[in-house]
Structure formats: structure tokens, C-alpha cells
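Accompanying notes for the structure given below.
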Amino acid sequence: MPPTLASLVQHSALKLTVRAGADRLGTPVRWAHASELADPVPYMEGGELLLVTATNLDARDPGTMRRYVQRLAGAGVAGIGFGVGVTYEEIPPALVDAAEEAGLPLLEVPRRTPFLAISKAVSGAIAADQYRSVTAGFEAQRELTRAAVAGDGPADLLTRLAANVDGWAALYDSAGAVVAAAPDWAARRAARLTPEVERLRDRPAPASVVVGDSESHDRVELQSLGAGRRNRGALAVGTGAALGTAERYAVHSAVALLTLTTARSRALQGAEQRLGAAVLRMLLAGESDHARAVAGDLYGGLLDAPFRLLIAESPAPSGTELLAETMEAAASRAGETLLMVPDGERLVVLAADGGAAVDACAAHARTADGRPVREPVPDDADVVVGMSAPCGPIAVSAAYKQAEQALSVARRRGRTMVEHEEVAAGSVLPLLADDAVRAFADGMLRPLQEHDAKGRGDLVDSLRAWLSRHGQWDAAAADLGVHRHTLRYRMRRVEEILGRSLDDPDVRMELWLALKATSASAGGR
């Protein structure tokens with residue numbers, strides 16, 4: 001710690017005597033400065049021991065001394081060292097009284113003690129304190145480096161950092177969630193600062209901010225982590241007071257080590273990503289056995305249980321990047337394996353069915369869909385996701401198609417995410433509102449509508465009744481109120497006009513969808 005007035009009084013070579021302010025000797029001394037100016041305050045920074053002999057002061061005048069001492073106290077001067085035997089043989093009572101009144105320590109300096117000796121004692125103590133701080137800082141750096149190199153994760157590093165700063169420390173991922181904290185009780189305290197971490201994330205790295213915790217009254221320093229200008233996480237350090245030199249060394253070392261660890265993790269993730277891309281290509285090609293062999297321990301566990309295939313799409317890279325970071329963070333916290341492959345504007349993901357990563361993606365979608373106004377997703381939307389049904393390695397190709405279909409529906413419906421089960425279990429009728437489908441329906445049914453418009457029969461209604469009754473002549477004829485032979489004649493006319501056979505199930509399907517699309521269009525109007 002820096003020198004104090006008490007340590008100077010206890011310095012046997014200086015022979016200093018306390019004449020006032022004995023209860024404030026614990027005040028730190030930043031420097032010792034001699035000045036005979038009547039008003040030295042403009043040249044003070046605060047924390048100095050001012051050494052005077054009162055050459056230019058009427059130290060016997062109570063009013064003069066009161067104003068003089070009050071000015072010094074207001075400027076934050078640590079104390080006054082008065083040299084006796086030069087201008088005055090002893091400290092004038094007016095100065096003693098003024099110092100007592102202002103609560104400013106007053107030390108008597110004997111004639112045989114030069115001011116230079118006091119200055120040397122102060123500077124020597126300051127240098128020794130700085131040396132101790134630097135040495136402690138270097139030792140903290142060595143401890144933290146050993147913890148980082150051990151490869152046991154950030155927990156040990158945070159534990160050592162918390163001990164060095166006599167406080168607590170927490171690590172946040174890129175999404176602002178607490179990854180680790182030391183001591184363990186600090187996790188809840190750190191979680192309260194997530195909004196501050198999210199705001200810090202939006203600033204270019206490196207960035208830092210000091211905040212206060214209203215509940216614990218801690219002083220918390222937040223430091224961003226990441227190389228370049230992109231934040232990859234944050235470090236929080238909570239203490240009861242401002243950090244000293246040694247503590248500052250420790251924090252800076254922790255930031256550097258965690259940033260390097262993050263960069264190393266990103267490089268490793270790049271290699272994993274390339275391996276994941278190879279595994280995905282094999283799965284899509286139906287080579288599940290080869291895919292398992294290549295996946296090894298890295299992705300093998302993911303392929304052993306049901307998983308989902310997700311396709312995220314965004315014209316802005318930040319859209320899929322943010323979703324990827326959100327899912328990665330959730331998977332990391334849950335200990336799940338995640339296979340992610342960027343593909344241009346798309347991101348293809350294999351994630352455990354019912355796992356934390358899938359839940360995080362769904363939560364992300366609910367947040368986006370919860371905006372006050374949801375319009376159909378424009379081309380420049382942040383991100384849109386389609387998700388397959390649960391599947392295994394042999395069905396990845398089908399799952400990819402399911403995810404693409406769900407993605408298409410999400411775009412059309414103005415949704416952030418659509419699951420395949422939602423498409424498969426729901427009605428296809430909302431899909432018939434598409435302009436292309438309506439154009440197809442109008443083109444297919446126009447010849448029949450033109451025939452009916454000329455008063456030659458009710459072919460469109462007859463076709464609808466016959467299809468709705470699955471080709472049952474009697475039931476359809478009863479619905480129309482005509483004889484079944486009349487209905488048979490009309491269906492032959494439909495075939496003649498369209499030039500297509502109603503025995504073909506594809507034709508029947510297309511006609512039924514055309515009729516439904518036409519009805520939906522008429523209903524909309």
C-alpha cells in the first residue's frame with residue numbers, strides 16, 4: 001500500500017511529531033511538496049504532504065491561518081509538515097487551532113530533519129509500493145496463465161482472478177449469458193448484469209464500462225473479449241473498491257488470456273465446421289455409414305439420437321451469425337453437440353431433437369414474431385428458419401427437403417420459424433392463396449367456366465360434387481339433384497373439354513386443388 005502519514009510519523013529517522021489531526025494519520029500520501037506561497041492550492045493535485053516554514057505567512061494570525069488551512073483542506077491536501085527553527089521556533093497556536101478545526105493533520109518537522117529527507121522517504125515508499133504491485137501483478141499473470149494453459153476451462157482462471165482482486169469474476173458468452181463464475185455464488189449476481197453486457201456487445205471491441213450493482217453495492221468492471229472489432233463475450237470483475245495496480249494487472253492478463261482462448265476456440269470451430277460440412281454432404285448423399293466414420297467422437301453422439309435439421313436464411317450475414325451464436329451458447333451450456341454449416345446466405349444446422357439449441361432457436365423466433373406489427377417477411381429480413389421433423393442419419397436428405405418446405409412457408413406467412421410438423425399437420429388451404437396457384441387454377445378451369453357461361457350445363461359444380469364424393473356417382477348425383485347418367489355425361493364432357501382423363505389421380509388432385517384455390521380466391525374477394 002502507498003505511504004501514509006502514520007508511516008512517516010513512525011519513520012525513526014524523520015523524528016516527526018503530530019500536533020493536530022491525530023485521528024487522520026491513515027491518509028495516504030501521494031507526494032511531499034515544499035512551498036512557501038501564501039496560496040499554493042493552484043499547484044496542488046490532492047494527496048500531498050505540504051512542507052512549509054511560513055516564510056511568507058503570518059502564522060500567528062488566526063484569521064489568516066483559518067483561511068489558509070481551509071483552502072488546503074478543500075484542495076485535498078493530505079497534511080501539513082511545519083519546519084520549526086527557521087521562521088518560527090515552534091508552530092504558532094493559530095495554525096494548530098486552524099488545523100484542528102479543519103481536521104487537517106499537522107506534523108512538526110524538527111530543524112535537523114531536512115524537507116528533502118521527507119521527500120525521499122515518501123518517494124522511496126511510493127516506489128517500493130509500486131514495485132510490490134508490479135511484482136504481485138506479474139505473479140497473478142503467471143497464475144492465470146498456468147490456469148489457462150491447463151485447459152480445464154475458464155473456471156480455474158476465474159477462481160484465481162477472483163482471489164487476486166479480493167472479489168468475484170464471471171465470464172459471459174457472446175449472447176450475454178453467464179458461462180462461469182467464481183465463487184459459485186457470484187453467478188446470480190453476474191446474471192443481473194446481462195443487460196449491461198448486451199449493451200457492451202453492441203460496441204466495437206475492445207470496450208469496457210464500470211457499473212454499479214444496486215443490490216450488492218459492488219463496483220463491477222465489464223471488459224469485452226474478442227479479436228478485431230467483434231465481441232465474443234465479456235468478463236465481469238466485481239470488487240468493493242476501485243482496482244489497484246496489482247489487481248489491474250490481473251484483470252488485463254485475464255482479458256488477454258480469455259481473448260486468446262476465444263480466438264483459439266474459433267480456429268478450432270473452423271476446423272470442426274469443415275469436418276461438419278463433409279459429414280453433412282455424406283448424409284445428404286445417403287452415405288450414413290461413411291458419415292458416421294468421419295464424424296467420429298466429434299459428431300457421432302449427435303447422430304446416435306433423433307435430431308432436427310434446420311435451414312436459416314438471411315441476406316444479411318449478421319442475421320444467421322446472431323442465430324448461430326445463440327444456438328452455440330445454448331448448446332455449450334447444456335453440453336450438447338451442434339453441427340453447423342454456413343452455405344452462402346444460409347446456415348444448415350443439425351441439432352438434438354428437444355435440446356437446448358432447438359429451444360433457443362424457437363425462443364429467438366418467438367421474440368421476433370412478438371413485434372407489435374408482423375408483415376410478410378421482406379427480402380432483407382434478419383433471418384427466417386425452416387425446421388424438419390425429428391430424423392436419423394438415413395433420412396437427412398428427406399429432412400433437408402422438409403426444412404426447405406418449412407422455410408418457404410415461413411417466408412410466405414411472414415413467420416420467423418416454421419416447423420415441418422406444423423406444415424404437415426395443418427391444412428394446405430392457406431398455401432392456395434399464392435398468386436401462382438391462383439393463376440394455375442384459373443387457367444385449368446377456364447374452359448369449363450366458359451362452357452358453363454354459355455348455358456350449356458353446370459360442369460364446374462358437377463366436377464366439384466363428384467370429386468368431393470370421391471367419384472361416387474349416386475352420392476354426387478343426389479347432391480346435385482340430377483340422375484347419375486346425367487352426371488356421367490357431364491364428366492365425359494369435362495374430359496373432352498380439358499383433354500385429360502379423370503381416371504388419372506394426378507388430374508383429379510390438380511382439379512380439386514384448382515377448385516379449392518378458386519373458392520379461396522372468391523372468398524377473399
Less than 4.0 Å between a side-chain N and a carboxylate O, is that true for E196 and R199? yes

Are more than 12 heavy atoms, taken from residues, nucleotides or ligands other than [X], located less than 6.0 Å from that residue's [atom1] atom?
X: I394; atom1: CD1; answer: no
X: R192; atom1: CZ; answer: yes
X: E36; atom1: CD; answer: yes
X: D166; atom1: CG; answer: no

Can you find a pair of side-chain heavy atoms, one from [X] and one from [Y], that are under 4.5 Å apart?
X: V210; Y: V220; result: no
X: Q402; Y: L309; result: no
X: L280; Y: Y400; result: no
X: S123; Y: W31; result: yes
X: M282; Y: S288; result: no
X: L283; Y: L350; result: yes
X: L323; Y: H364; result: yes
X: Y172; Y: L200; result: no

To the nearest 0.5 Å, what is the distance between [atom1] on [X] and [atom2] on [Y]?
X: L107; Y: I118; atom1: CG; atom2: CD1; value: 8.0 Å
X: L339; Y: L310; atom1: CG; atom2: CG; value: 11.5 Å
X: R19; Y: I80; atom1: CZ; atom2: CD1; value: 14.5 Å
X: E247; Y: T239; atom1: CD; atom2: OG1; value: 8.0 Å
X: H420; Y: L407; atom1: NE2; atom2: CG; value: 13.0 Å
X: R346; Y: E313; atom1: CZ; atom2: CD; value: 5.0 Å

What's the shortest heavy-atom distance between [X] and [Y], and which atoms?
X: A121; Y: L8; result: CB-CD2, 4.3 Å
X: R415; Y: V384; result: O-CG1, 3.7 Å
X: A406; Y: E419; result: CB-C, 4.2 Å
X: A351; Y: L338; result: CB-CD1, 3.5 Å
X: F115; Y: A34; result: CD1-CB, 4.0 Å
X: S208; Y: Q223; result: CB-OE1, 3.6 Å

Would you please test V178 and R188 for side chain to side chain contact (heavy atoms under 4.5 Å, CB included) and show each step? CA-CA 9 Å; V178 178; R188 292 184 62 185; over 6 Å; no

Residues at least two apart in sequence or cross-chain that pass side chain to side chain contact (heavy atoms under 4.5 Å, CB included) with A128, listed by chain then number, are R132

Which residues satisfy the side chain to side chain contact (heavy atoms under 4.5 Å, CB included) test with D184, sequence neighbours excluded? none

Going by the side-chain contact (heavy atoms from CB on, under 4.5 Å) test, name the single residue among L51, L95, T17 that passes it with F82. L95

Checking side-chain contact (heavy atoms from CB on, under 4.5 Å) against S7, which of L5, V9, T4 comes through? T4

Go through it in stages, so that I can follow the logic: the residues are L225 and L171, the test is side chain to side chain contact (heavy atoms under 4.5 Å, CB included), and I'd like the CA-CA distance, side-chain angles, deciding distance and then a yes or no. CA-CA 10 Å; L225 305 175; L171 177 65; 3.4 Å; yes

Test side chain to side chain contact (heavy atoms under 4.5 Å, CB included) on L161 and L235 and set out the steps. CA-CA 11 Å; L161 176 60; L235 171 69; 4.0 Å; yes

Under 3.5 Å: donor-acceptor pair, side chain of [X], backbone of [Y]:
X: S408; Y: E404; value: no
X: R292; Y: L303; value: yes
X: R308; Y: S388; value: yes
X: T159; Y: A182; value: no

Intermediate values then yes/no, side chain to side chain contact (heavy atoms under 4.5 Å, CB included), Y299 and V294: CA-CA 9 Å; Y299 295 116; V294 173; over 6 Å; no

